[in-house]
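Scroll down for the structure; my scribbles are underneath it.
Each chain gets a letter, A, B and so on, in the order its sequence line appears, and its residues count up from 1.
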2 protein chains.
Amino acid sequence: MPRPPATRDVFLAIAEPRRRDILSLLGRVGESGVGAIAVTLDMAQPAASKHLGVLREAGVVRVRRDGRQRLYSLQADRLRAVHEWTRTFERYWSSQTDRIKARAEQAAGPGPHAPETTP
Amino acid sequence: MPRPPATRDVFLAIAEPRRRDILSLLGRVGESGVGAIAVTLDMAQPAASKHLGVLREAGVVRVRRDGRQRLYSLQADRLRAVHEWTRTFERYWSSQTDRIKARAEQAAGPGPHAPETTP
DNA sequence: TTGACATATTCCAATATCAGAATATATTGT
DNA sequence: ACAATATATTCTGATATTGGAATATGTCAA
């Protein structure tokens, strides 16, 4: 069978480096039009527009109309979901001693902080 | 021009739901062979093997040989990178008042906690 | 060595994805 | 209405990705 119709979720949205650049830029400037984004990140206008489309579909950015401009800004809740998901692995990177402790924990069965299934 | 040769980084690795499932499973059980993973997550053995290959190339899992088994376990440092990157947007999801405060901050120029460019 | 088991690799078909060029759709100002 | 500006959409070509089937590789045990 072919590939499943890649539903457009946050993880997919941030998998593209240019899109992460866009998000970082929006984090810095707060709000920006498509043209400014394209110029700042040195990309073609259609490329910027399309990436913003993906980000919007994923619910990571918001659009606001201002005259003939479309001002994009962050909508970070979904990014928070990613943050939370990665956080479930926290005990695996803390420190050497923590890693040993974690191994002991999981040897005694899934603890209260065991990573959960995919969102 | 075509697409750039998608270098296999963490963001790309975790963009696939099944791979996130694998990571979560490894987080729960600590270490597991390919067959067990395939059975538990109800996927074909080659599929599991291939996904694990991607995760390994991305440096998110480790392999250890044990007889005829290959035991995979987490190597969470790269996941931590994702955690840190999403963390740079923290001030955008904290609360309504924080969001207003953030807007005021960025109006006065990029603050000390401004999100950085892509890793 | 032979056989059974565990995992990896190769090949294939169906999509998905990206950049770039050209074009279409607003929206504002004259 | 017309021109200029800002953004979105459509089309195309190259490549990447995924699952599935078949096969290869590696390892233990008798």
Side-chain angles (χ1 to χ4, degrees), chain A residues 1-23 25-26 29 31-73 118, chain B residues 1-23 25-26 29 31-73 118:
Chain A
M1 245 178 223
R3 187 207 263 184
T7 102
R8 198 147 274 174
D9 67 334
V10 201
F11 288 92
L12 222 27
I14 66 174
E16 184 63 37
R18 317 290 301 223
R19 286 198 283 266
R20 290 200 296 278
D21 290 343
I22 292 178
L23 292 176
L25 176 61
L26 288 179
V29 305
E31 198 179 42
S32 183
V34 180
I37 292 172
V39 169
T40 305
L41 299 181
D42 189 42
M43 57 198 303
Q45 177 267 319
S49 181
K50 276 182 279 190
H51 280 310
L52 284 164
V54 172
L55 291 172
R56 193 172 53 72
E57 273 191 57
V60 192
V61 298
R62 225 188 321 242
V63 210
R64 181 170 76 84
R65 306 210 46 156
D66 178 47
R68 40 186 139 177
Q69 289 207 128
R70 304 228 174 180
L71 298 177
Y72 284 84
S73 57
T118 258
Chain B
M1 244 179 220
R3 185 209 265 185
T7 102
R8 198 148 271 173
D9 68 333
V10 201
F11 288 92
L12 222 29
I14 65 173
E16 184 64 36
R18 315 296 302 246
R19 286 198 283 267
R20 291 201 296 279
D21 290 343
I22 290 178
L23 292 176
L25 176 60
L26 289 180
V29 304
E31 198 179 43
S32 184
V34 180
I37 292 172
V39 169
T40 305
L41 299 180
D42 191 39
M43 57 196 306
Q45 177 266 319
S49 182
K50 278 182 275 191
H51 281 309
L52 285 164
V54 173
L55 292 172
R56 193 172 51 74
E57 274 190 56
V60 192
V61 298
R62 224 189 321 244
V63 210
R64 180 171 76 84
R65 307 211 44 159
D66 179 47
R68 39 187 139 177
Q69 289 207 128
R70 304 227 175 181
L71 297 177
Y72 284 84
S73 58
T118 257

Open item on the list: How would you summarise protein contacts on nucleotides 4-11 of chain C per nucleotide, using B for base, S for sugar-phosphate only and - for none, with heavy-atom distances below 4.0 Å?
Closed with: BBSBBBB-
- [ ] Provide, to the nearest angstrom, the distance between the CG atom belonging to A/Leu12 and the P atom belonging to D/dA16.
- [x] 17 Å
- [ ] For B/Ser49 and B/Gln45, indicate whether the former's side chain and the latter's backbone hold a donor-acceptor pair under 3.5 Å.
- [x] no
- [ ] Taking the side chain as every heavy atom from C-beta outward, state whether A/Leu71 and A/Val63 have any atom pair closer than 4.5 Å.
- [x] no
Open item on the list: Whole angstroms only, please: what is the CZ-C1' distance between B/Arg8 and D/dT17?
Closed with: 8 Å
Open item on the list: In this structure, how many angstroms lie between the P atom of C/dC18 and the CD atom of A/Glu57, rounded?
Closed with: 12 Å
Task: Spacing of A/Ile22 atom CD1 relative to D/dT7 atom P, expressed in whole Å - done: 13 Å
Open item on the list: Using whole Å, what does the distance between atom P of nucleotide C/dC18 and atom CZ of A/Arg20 come to?
Closed with: 12 Å
Task: Heavy-atom check, side chain of B/Ile37 versus side chain of B/Leu26, under 4.5 Å - done: yes
Open item on the list: Quick test of your reading of the model: are B/Arg20 and A/Asp9 salt-bridged, counting only N-O distances below 4.0 Å?
Closed with: yes
TODO: Using atom types as modelled and distance alone, determine if a side-chain donor or acceptor of A/Arg19 lies under 3.5 Å from a backbone N or O of A/His51.
DONE: no
Task: Selection from D/dT18, C/dA26, D/dT27 that lies nearest to any side-chain heavy atom of B/His51 - done: D/dT18
Open item on the list: I need the CG-C1' distance between A/Asp21 and C/dC18, as an integer number of Å.
Closed with: 15 Å
Task: Atom pair distance, as rounded to whole Å: CE in B/Met43 and C1' in D/dA21 - done: 16 Å
Open item on the list: Is A/Arg65 close enough to C/dT27 that one of its side-chain N or O atoms is under 4.0 Å from OP1 or OP2 there?
Closed with: yes
Open item on the list: Show, in sequence, the C-alpha distance, side-chain angles and deciding distance for A/Leu52 and A/Val34, and conclude whether the side-chain contact (heavy atoms from CB on, under 4.5 Å) test is met.
Closed with: CA-CA 8 Å; A/Leu52 284 164; A/Val34 180; 3.8 Å; yes
Task: Length of the line joining A/Asp66:CG and C/dA26:C1', which is rounded to integer Å - done: 14 Å
